[in-house]
Amino acid sequence: SRNLRNHGLTWKNAIEVNGHIVVPMEYLDSVRVTLPDIYGDGLFAIKAEALTVDTDVDGDSKVYAVSGTAWLTNIVVLPTAGDVTLQVNQRVVMNEDSSKELFIRTQSTDAKEKFEINIHGLPEGSKIALDGHTFDTTDQGTWQHVDAKGSQYELVKADDGSFTLTLKDMNVGSIKPIYTPPLNSNTNGDNTELKVTAKTIDKSNGFTSIGKESSLPIDISVIGVPDT
């Protein structure tokens, strides 16, 4: 920031000489560096130099001399995960023994952040497909998958017998998992409610920041159809 604080009381505009920010001696104990809201590098250094000003007693001309260089190194900027904006299609109607595409979108103000998305409440016997891989709740061999971008997917059985699909290291954007309910099932007016949760994860220089979790439901109605 190109402002100086005088002992915490007032803001002063910094003086620039040949592209350098000049800090008068009386402000050295209150200088603060304010980085942009989204700073991606996480590690930087500050070069400090002593500036001598010689003013001509017979006029207003000044001569500047720079010396005494020192570096303030290994300044670490800790990551701060932002809030996630979550969108889903909250109402899905489908026939039994069929599949339906779901819609989940995550957004953040920081494009370098990753997301963790969880789809809770998948009933036993159901399937859900994403990135060309089908997670079958009845086949444990299908419960883990890593996509070409390094995102990690895992299906986990919860204590209540339902399943949760966890998606890690996801990029900003939308996904469209395909849901298949258990065979020969219909909800008969009692919807299956999936709960989608998402949170941002910001990592830098070995530090991790996790944002506040956002949650939305997806109500799925499965309509019975006559067998042929």
Looking at CD of E116 and CG of N118, how far apart are the two atoms once the value is rounded to the nearest 0.5 Å?
-> 5.0 Å

Evaluate side chain to side chain contact (heavy atoms under 4.5 Å, CB included) for T164 paired with I119, printing each intermediate quantity in order.
-> CA-CA 5 Å; T164 296; I119 305 173; 6.0 Å; no

Applying side chain to side chain contact (heavy atoms under 4.5 Å, CB included), run through T166 and Y153 and close with a yes or a no.
-> CA-CA 6 Å; T166 298; Y153 309 156; over 6 Å; no

Distance-only polar pair, side chains of D160 and S162, donor-acceptor under 3.5 Å | yes

Atom CZ in F103, atom CD in Q87: separation rounded to 0.5 Å?
-> 6.0 Å

State, with a plain yes or no, whether a side-chain heavy atom of I218 is found less than 4.5 Å away from one of N89.
-> yes

Nearest heavy atoms of T180 and S99, plus distance in Å = OG1-OG, 2.6 Å

Distance-minimising heavy-atom pair for L194 and G121 = CD2-O, 3.4 Å

Kindly give the heavy-atom pair with the smallest separation between T138 and G125, and that separation in Å.
-> CG2-CA, 3.8 Å

Working for side chain to side chain contact (heavy atoms under 4.5 Å, CB included), residues L130 and I175 | CA-CA 8 Å; L130 184 64; I175 58 173; 4.2 Å; yes

Run the numbers on N95 and V222 for side chain to side chain contact (heavy atoms under 4.5 Å, CB included), then give the verdict.
-> CA-CA 5 Å; N95 292 331; V222 180; over 6 Å; no

Any side-chain heavy atom of P181 within less than 4.5 Å of one from E96?
-> no

Straight-line distance of D219 CG to E193 CD, nearest 0.5 Å = 5.0 Å

Can you check whether E154 reaches L167 side chain to side chain, under 4.5 Å on heavy atoms?
-> no

Starting at OG of S98, measure out to CD1 of I178 and round the result to the nearest 0.5 Å.
-> 11.5 Å

Do side-chain atoms of T142 reach the backbone of D136 as a donor and acceptor pair under 3.5 angstrom?
-> yes

Under the 3.5 angstrom rule, does the side chain of W143 hit a backbone N or O of K157 as a donor-acceptor pair?
-> no

If we only count heavy atoms from C-beta on, is the H145 to F135 side-chain gap below 4.5 Å?
-> yes

In terms of side-chain geometry, is the basic nitrogen of K47 or E49 positioned less than 4.0 Å from the acidic oxygen of its partner?
-> yes

Could you tell me whether the side chain of Q144 reaches within less than 4.5 Å of the side chain of L155, counting heavy atoms only?
-> no

Side chain D139, main chain G141, donor-acceptor under 3.5 Å = yes

Identify the heavy atoms of E124 and T137 that sit nearest to each other, and give their distance.
-> C-OG1, 3.7 Å

For E113 and S108, test the side chains for any donor-to-acceptor distance below 3.5 angstrom and give the result as yes or no.
-> yes

Is it true that a side-chain atom of T197 and a backbone atom of S214 form a donor plus acceptor pair closer than 3.5 Å?
-> no

d(D131 CG, K176 NZ) to nearest 0.5 Å is 14.5 Å

Donor-acceptor pair, D97 side chain versus N184 backbone, under 3.5 Å?
-> yes

In N171, T200, D169, the residue satisfying side-chain hydrogen bond (donor to acceptor under 3.5 Å, both in side chains) with K114 is N171

Less than 4.5 Å apart, any side-chain heavy atom of I104 and any of L86?
-> yes

G211 and A81: which non-hydrogen atoms are nearest, and at how many Å?
-> N-CB, 3.4 Å

Does M94 reach the side chain of S221, with side-chain heavy atoms less than 4.5 Å apart?
-> no

Joint hydrophobic cluster, L216 plus I117, side-chain heavy atoms closer than 4.5 Å | yes

May I ask you to test the V84-F115 pair for a side-chain heavy-atom distance under 4.5 Å?
-> yes

